[in-house]
Amino acid sequence: MVIAIDGPAGAGKSTVARGVARALGFTYLDSGAMYRSLALAALRAGAGLDDDETLGALAREVEIQLDHGRVELDGNDVSAAIREPEVSAASSRVSVHPQVRAAIVARQRELVARGEYVAEGRDIGTVVSPDAPLKVFLTASDAERARRRAADTGESIDVVRVAQAERDARDTGRELGALRPADDAIALDTTGLGIEEVIARVVALARERGIGRA
Ligand code: DC
């Protein structure tokens, strides 16, 4: 069973999804870490980031393990490497390809079928788990999202804003699994809200629906 938390980069999805998972005793799934791991594998292999065939084959082959915030690619810890700005940009490029999406969505569906998950990404509520009993679409203003990301990565806000706009355009404009709220998603604007408040709101929504332990 899945609680879906979708939204653009910097909306607070990871922190919120992690907090909600902890509160409800669910497992946290960072779906973006899978696209990031594939992007890193592609960069390391020198694969073309616009080559659907090659990237699709790579997506079917590579071993990606997510374990309590640690990410492993073919047995090596890549938790830090996948957060590099170059990998962020590459991840939104590799994730437009149909064969890549098919392979990664299949892995995600397999994972979530086996437990209780709070899964965050772009297409959890629309594609990966359209039957999720609770879907939240998190947003925040462009300025606030850039501020948060810059604080995380140490880059300047201006640099982050340019990369963020490019990534938003690719994530919303692609044909498959585009970033958009599911028809039955609850929209939550986190601008100016404390993260604990957002977590509490989502947990309350879950409880209203009878989800999670009492
Ligand atoms: O959530 P994130 O910033 O770590 O995601 C990195 C990229 O991966 C994002 O720009 C687009 C892609 N992605 C995706 O296409 N679908 C998802 N469910 C999650 C991420």
Side-chain angles (χ1 to χ4, degrees), residues 2 4-11 13-14 17 27-114 117 119-130 149 152-153 155 159-180 182:
V2 176
I5 305 208
D6 289 306
K13 297 187 304 289
S14 311
T27 306
Y28 163 61
L29 173 63
D30 174 2
S31 69
M34 293 189 169
Y35 292 98
R36 286 172 178 273
S37 298
L38 175 66
L40 181 64
L43 290 171
R44 286 180 173 173
L49 298 181
D50 299 316
D51 181 347
D52 180 41
E53 282 290 326
T54 305
L55 294 171
L58 200 57
R60 290 186 292 273
E61 276 163 33
V62 288
E63 195 198 317
I64 301 169
Q65 289 285 348
L66 307 180
D67 184 28
H68 294 95
R70 204 178 124 97
V71 183
E72 282 189 5
L73 172 64
D74 291 330
N76 298 309
D77 188 344
V78 293
S79 316
I82 60 166
R83 303 292 160 195
E84 294 292 329
E86 189 194 4
V87 178
S88 300
S91 63
S92 91
R93 284 182 63 186
V94 302
S95 63
V96 303
H97 298 294
Q99 292 200 37
V100 167
R101 297 212 72 82
I104 300 225
V105 166
R107 285 170 183 236
Q108 291 167 350
R109 285 187 176 147
E110 220 172 274
L111 255 185
V112 298
R114 294 198 298 247
Y117 280 86
E120 59 119 327
R122 306 291 187 292
D123 62 343
I124 306 297
T126 51
V127 177
V128 177
S129 298
R149 176 72 55 171
D152 267 2
T153 65
E155 297 165 283
V159 167
V160 170
R161 273 193 95 145
V162 172
Q164 176 176 283
E166 280 176 13
R167 203 138 74 90
D168 283 352
R170 261 198 303 266
D171 292 351
T172 50
R174 66 177 175 235
E175 227 158 277
L176 292 175
L179 170 65
R180 66 168 182 84

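All values below were derived from every heavy atom in this structure, side-chain atoms included, with hydrogens, water molecules and symmetry-related copies excluded. For clarity, every value in this text was computed on a predicted model and none was experimentally measured.
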Q: Go through the steps to decide whether Arg109 and Val128 satisfy the test side-chain contact (heavy atoms from CB on, under 4.5 Å), and finish with yes or no.
A: CA-CA 6 Å; Arg109 285 187 176 147; Val128 177; 4.1 Å; yes
Q: Please confirm whether the backbone N or O of Ser95 pairs with a side-chain atom of Arg170, one donor and one acceptor, at under 3.5 Å?
A: no
Q. Would you say Glu86 and Leu43 make side-chain contact, with heavy atoms under 4.5 Å?
A. yes
Q: Answer whether the closest heavy-atom distance between the side chains of Tyr35 and Ser92 falls below 4.5 Å.
A: no
Q | Those residues that, when tested against Arg174, pass salt bridge (charged side-chain N to carboxylate O under 4.0 Å, His left out) (two or more places apart) | A | Asp171
Q: Taking salt bridge (charged side-chain N to carboxylate O under 4.0 Å, His left out) as the test, write out the residues that go with Arg101, two or more places apart.
A: Asp123
Q. If you look only at pairs with a residue in residues 35-62, which of them pass as a salt bridge (Lys or Arg N to Asp or Glu O under 4.0 Å), with sequence neighbours excluded?
A.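 Salt bridge (Lys or Arg N to Asp or Glu O under 4.0 Å) check on residues 35-62 returns Asp50-Arg93.
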Distance-only donor-acceptor hits, side chain of residues 68-76, under 3.5 Å, sequence neighbours excluded:
from: Arg70; atom 1: NE; to: Glu72; atom 2: OE2; distance (Å): 3.4
from: Arg70; atom 1: NH1; to: Asp77; atom 2: OD2; distance (Å): 3.0
from: Arg70; atom 1: NH2; to: Glu72; atom 2: OE2; distance (Å): 2.5
from: Asp74; atom 1: OD1; to: Glu63; atom 2: N; distance (Å): 2.8

Quick one: closest heavy-atom pair of [X] and [Y], and the distance?
X: Ile5; Y: Lys13; value: O-CD, 3.8 Å
X: Gly177; Y: Val127; value: CA-CG2, 4.1 Å
X: Gly56; Y: Val100; value: N-CG2, 4.0 Å
X: Ala33; Y: Leu66; value: CB-CD2, 4.0 Å
X: Arg122; Y: Thr126; value: O-OG1, 4.4 Å
X: Pro85; Y: Glu155; value: CG-OE2, 3.5 Å

Q. When rounded to the nearest 0.5 angstrom, what distance separates CD1 in Ile124 from CG in Leu29?
A.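 Separation between the atoms: 6.0 Å.
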(Q) Please determine whether side-chain contact (heavy atoms from CB on, under 4.5 Å) holds for the pair Ile64 and Val78, giving the CA-CA distance in whole Å, both sets of side-chain angles, and the decisive distance to 0.1 Å. (A) CA-CA 10 Å; Ile64 301 169; Val78 293; over 6 Å; no
Q) Checking side-chain contact (heavy atoms from CB on, under 4.5 Å) for the pair Ser129/Tyr117: CA distance, chi angles, key distance, verdict? A) CA-CA 11 Å; Ser129 298; Tyr117 280 86; over 6 Å; no
Q) Stepwise, does the side-chain contact (heavy atoms from CB on, under 4.5 Å) test hold for Leu58 with Leu38? A) CA-CA 7 Å; Leu58 200 57; Leu38 175 66; 3.9 Å; yes
Q. So, Ser31 versus Glu120: side-chain donor-acceptor pair below 3.5 Å or not?
A. no
For a quick test of your reading: what N or O donor-acceptor pairs under 3.5 Å do the side chains of residues 159-167 make, sequence neighbours left out?
from: Gln164; atom 1: OE1; to: Ala146; atom 2: N; distance (Å): 3.3
from: Gln164; atom 1: NE2; to: Asp142; atom 2: O; distance (Å): 3.1

Q.
Which residues pass the side chain to side chain contact (heavy atoms under 4.5 Å, CB included) test with Ala39, not counting sequence neighbours?
A. Val87, Ala90, Ser91, Val94
